[in-house]
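One structure below.
Everything quoted here is computed from the prediction, not taken from an experiment. First the proteins, then the strands, lettered A, B, ... as listed; each starts at 1.
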Amino acid sequence: MELQFYPYDFEYKVEEGTTFFYFYGRTKEGQKVAVKHHYQPFFYAAASNIDRKKFEERVLKLSLKTGIEPAQVVRLELVEKDLLGKKQEFYKVYANYPKAVPLLAKEIQAWGINCYEKDILYTHRYLRDHDIIPMRQVTAVGNFVRNQWMRVPVFVAESVTQRSQETLPVSDWRILAIDLETYAVKREIDPKNNPILMAGLYGAGKDGREFRKVITWKNAALPEYVEIVADEAALLQRMKEVILEYSPDILTGYFTDGFDFPYLQARAEKHKVRFDLGVDYSEIIVNQSSFGDKESKIKGYLHADMLKFIRNIFGKDLDVETYSLDAVSRELLGHQKHKVELEKLSQVWDNNPEKLAEFCAYNLHDSFLAYRLCEKLLPDMMEFTSIVGLPASDVIRMRFSKLVESYILKRATEFTAVAPNKPENTEISRRREESIQGAFVFEPVPGLYKDIVVFDFRSLYPTIISAHNLGPEGLKCSCCADKIKSHVPGKEEYWFCSREKKFLPAILEDLIFRRAEIKKQIKQAKARKEDTALLEARSYSLKILANSFYGYLGFYAARWYSLESAASTTAYARNYITTTISKAQQKGFKVVYADTDSCFLLLEGKTMEEATAFMEEINKTLPGQMELELEGNYPKGIFVGLKGRDQQSVGAKKKYALLRKDGTLKITGFETVRRNWSLLAKEVQEKVLELVLQEKVEEGLKYVKETIKELRSGKVALDKLIMKTQITRELSSYSSFAPHVKVAQEMKERGLNIDAGTIISFIIVKGKGLIRDRAKIPDDVAAGEYDAEYYVDHQLIPAVASIFAVLGYNEEEVFKDSSQTGLGKYF
DNA sequence: TGGTTCCACAT
DNA sequence: CAGTTTGGAACCA
């Protein structure tokens, strides 16, 4: 019979010597299933320049002792494959089970024969070789078999194919979010001694309404969604039942990899409760690497720890200070966490259970936020999954380099390419020593400019790599060696094949092309007022994957490492931007600034038509998918001087502000966002930039003077004067006492818990002596007690001095005023 | 300024 | 053929 289903979790099992790949998924009707399919593991061994007869005899006799059964070669096949651009013959060496692969390969390498793809995970290999994309419809031919080892029906497949690319809509996946609150005095997280107090679960009910539940074990008057059980062991038991009954495809949460699931595992073990949620009745599996991150797995589910996906992949474009659930939800959902004093939970639990309700609400709300994040980002997770072709659980936990490499590996099959091996440790150290020249940045002359037109190269690095065929395969190719006309600009020693499009640039070109197609679709969909969330997700995935190729080529641990290619990418980029600059200058445009892929021109009486004509002209000369685009045109812009240098001549790079036509500002590089600046300094800096850009310089000066007056009058609201600095280690280990350290000590003396990570807020007040002795906790500062002169000298003036300096005002000329001392005397 | 150390996130 | 060892901010000399 035929079975159609949507798989989302994968593993393999060796059963009586036969290796089976296992799919776990669900049918359209919502029935969870397991599908098993036999597939023989293998790797490659170089077949060139060896005595093949002798090799075959020897290799087929191999039998390496291991803990399980001896590692043996099942059979050999001779194949032709492409290794870094060179066609060669390889043996495809089939092993008797997956873990035999590295053992056999190591032995054969010891004979002096290179082996390849010996560290490709079996489950990943299976998916790639069968061209199966997780979470999309799969058709298996075979039969259901009786079993008692699985919680779900088991189907034994003779064949498995993906005929359709169809997937389920977001609303059809059953998602359940979990969140735990634990007993924790002084933020001490201790799964050995501290119990789980409550477990929040949030999902969608089968009736379409919300599914909300909090399980706790304290008898108190609590809201209707709270279920009270006898003790912690009962909580665990009940939680398991609820999850099984809900039967989610996706289990989600926030930092569930490192906190909730390991905690559940530890407490279940302590109470001897079998928390066997796994589809095969297995318990939670926590993989802890000797360093850093944990990963938690529950067999038969897609465990999506939203923190992992956001931190590793999705959050790179996000404007958040930390990846805390609070900050991320605020940014992505417009919701924040409920505000409760979590430190008091343990105390309330012990002494005032009647106050537990607000903690239950908090608990449920956290799981609600995780659910919403999962729902919102599911299209993105699925897109990365489909481009890379690996399980979503792996994809969301990958760093960029791994993501790129997985995409390359997926495409390698089509190009019959064999993957180069990962570098050895010595090679890694060697590579880590190397570095390349980066981007070109045009040093601006400080000043206030008008009518600035900004052009930039769309996806500069990816399009260069694709257009110039950069990559290890085409580097210094022998076919083009005799006619080296087109070497890399400024690097006579490098050239890349011009006869044949090579593997890496070809698959990168695909990504860029596919993204361009999707962008067109987005435009059309928007015109029809359709929802574009899915398309945006695809476009975003393709974009960051394409952008990561350059970094990958220069990444020390990359299989397709090619520092020459990375260096050539920036060399071409420098050449394109400098060429664009000089061509603009030849046309009579003044160039004020340029950075990596962008170029800022002044119209100076010329028209926008002339500027775009210039752009068109450049575009005619560009190869492949390269394109110069109009980023925008701005009525005004300011570039400021470098601190401590001649403020009139040397401009700071990557620091400027532009005024848009609609009056809004585009501020880059200024300190306005840093938390160790007071809100006052940020506000004043922004306001002054705005006034100056609107040519209201006098008004700007006046504004500063008024602000200073206000400061001195003691009327400025205290919350605008708070400065924040993070405590980064154990308080007692500080040997120098910056203001925030001193405040932290004071807070600790009052019984507040201060440890690494706490952000200390403080205000500097009037008085004698060192600054640090005048730093106070904001709550202790009386209105007007702050030290106005400190704020003038250390916050206000530094925030605006460079802006006024651009206009030729030095502090003395401009800020002349009263009888004050210090810099403030000029105001 | 550059080199080095420390910490992500959860209660 | 689940294992490797990150990177960015804050601090210090």
With salt bridge (Lys or Arg N to Asp or Glu O under 4.0 Å) as the test, would you mind laying out the steps for A:Asp119 and A:Arg559 before giving the verdict?
CA-CA 12 Å; A:Asp119 52 3; A:Arg559 290 174 189 268; 3.0 Å; yes
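Under the 4.0 Å criterion applied to side-chain N and carboxylate O atoms, A:Arg431 and A:Glu434 are not assigned as salt-bridge partners. At a threshold of 4.0 Å, the pair A:Glu117-A:Arg125 counts as salt-bridged, since one of the basic side-chain nitrogens sits closer than that to a carboxylate oxygen. For A:Asp9 and A:Lys299, the salt-bridge test fails: no basic side-chain N is under 4.0 Å from an acidic carboxylate O.
Nucleic acid contact for A:Tyr183: none, since no nucleic acid atom lies under 4.0 Å from a heavy atom of the residue. Nucleic acid contact for A:Tyr556: sugar-phosphate only, since backbone atoms but no base atoms lie under 4.0 Å from a heavy atom of the residue. Nucleic acid contact class of A:Asp179 (heavy atoms, under 4.0 Å, all strands): sugar-phosphate only. Among the heavy atoms of the strands lying under 4.0 Å from A:Lys297 is at least one base atom, whether or not backbone atoms are also near. Among the protein residues, A:Leu197 comes within range of no part of the nucleic acid, since none of its heavy atoms lies under 4.0 Å from any strand. Heavy atoms of A:Asp366 sit under 4.0 angstrom from primed sugar atoms or phosphate atoms, though from no base atom.
Between the CD atom of A:Glu295 and the C1' atom of C:dT5 there is a distance of 15 Å, given to the nearest Å. Atom CD1 of A:Ile285 and atom P of C:dG3 are 13 Å apart (whole Å). Residue A:Tyr94 contributes atom OH, which lies 19 Å from atom P of C:dC1 at whole-angstrom precision. Between A:Leu345 atom CG and B:dA10 atom P the separation is 16 Å, expressed in whole Å. Atom NZ of A:Lys402 and atom C1' of C:dT4 are 7 Å apart (whole Å). If you take OH of A:Tyr263 and P of B:dA10, they are 15 Å apart, rounded to a whole angstrom. Atoms OH (A:Tyr122) and P (C:dG3) sit 17 Å apart, rounded to a whole Å. For the pair A:Tyr254 OH and B:dA8 P, the interatomic distance rounds to 14 Å; values are reported in whole Å.
Listed candidates were B:dT11, B:dA10, C:dC1. Nearest to the side chain of A:Val101 is C:dC1. Closest to the side chain of A:Pro98, from the set B:dT11, B:dC9, C:dC1, is C:dC1. Distance from the side chain of A:Lys337 is smallest to B:dT11 among B:dT11, C:dT5, B:dC9. Set against C:dC1, B:dT11, B:dA10, the side chain of A:Glu343 has B:dT11 as its closest nucleotide. Looking at the side chain of A:Glu181, the nearest of the listed nucleotides B:dT11, B:dC9, C:dC1 is B:dT11.
Taking atom C1' in both C:dT5 and B:dA8, the straight-line distance is 15 Å, to the nearest Å. Using atom P as the reference point in both C:dA10 and B:dC9, the two lie 12 Å apart (nearest Å).
OP1 or OP2 of C:dT6 has at least one side-chain nitrogen or oxygen of A:Arg432 nearer than 4.0 Å. Taking side-chain N and O atoms only, A:Lys294 has no distance below 4.0 Å to OP1 or OP2 of B:dA8. Applying the 4.0 Å criterion to OP1 and OP2 of B:dT11, one finds that A:Tyr362 has a side-chain N or O inside that range. A:Tyr323 has no side-chain polar atom (N or O) that falls below the 4.0 Å cut-off from OP1 or OP2 of B:dA10.
Of all heavy-atom pairs spanning A:Pro353 and A:Ala220, the tightest one is O-CB, 3.6 Å.
Side chains of A:Tyr22 and A:His37: no donor on one and acceptor on the other come within 3.5 Å.
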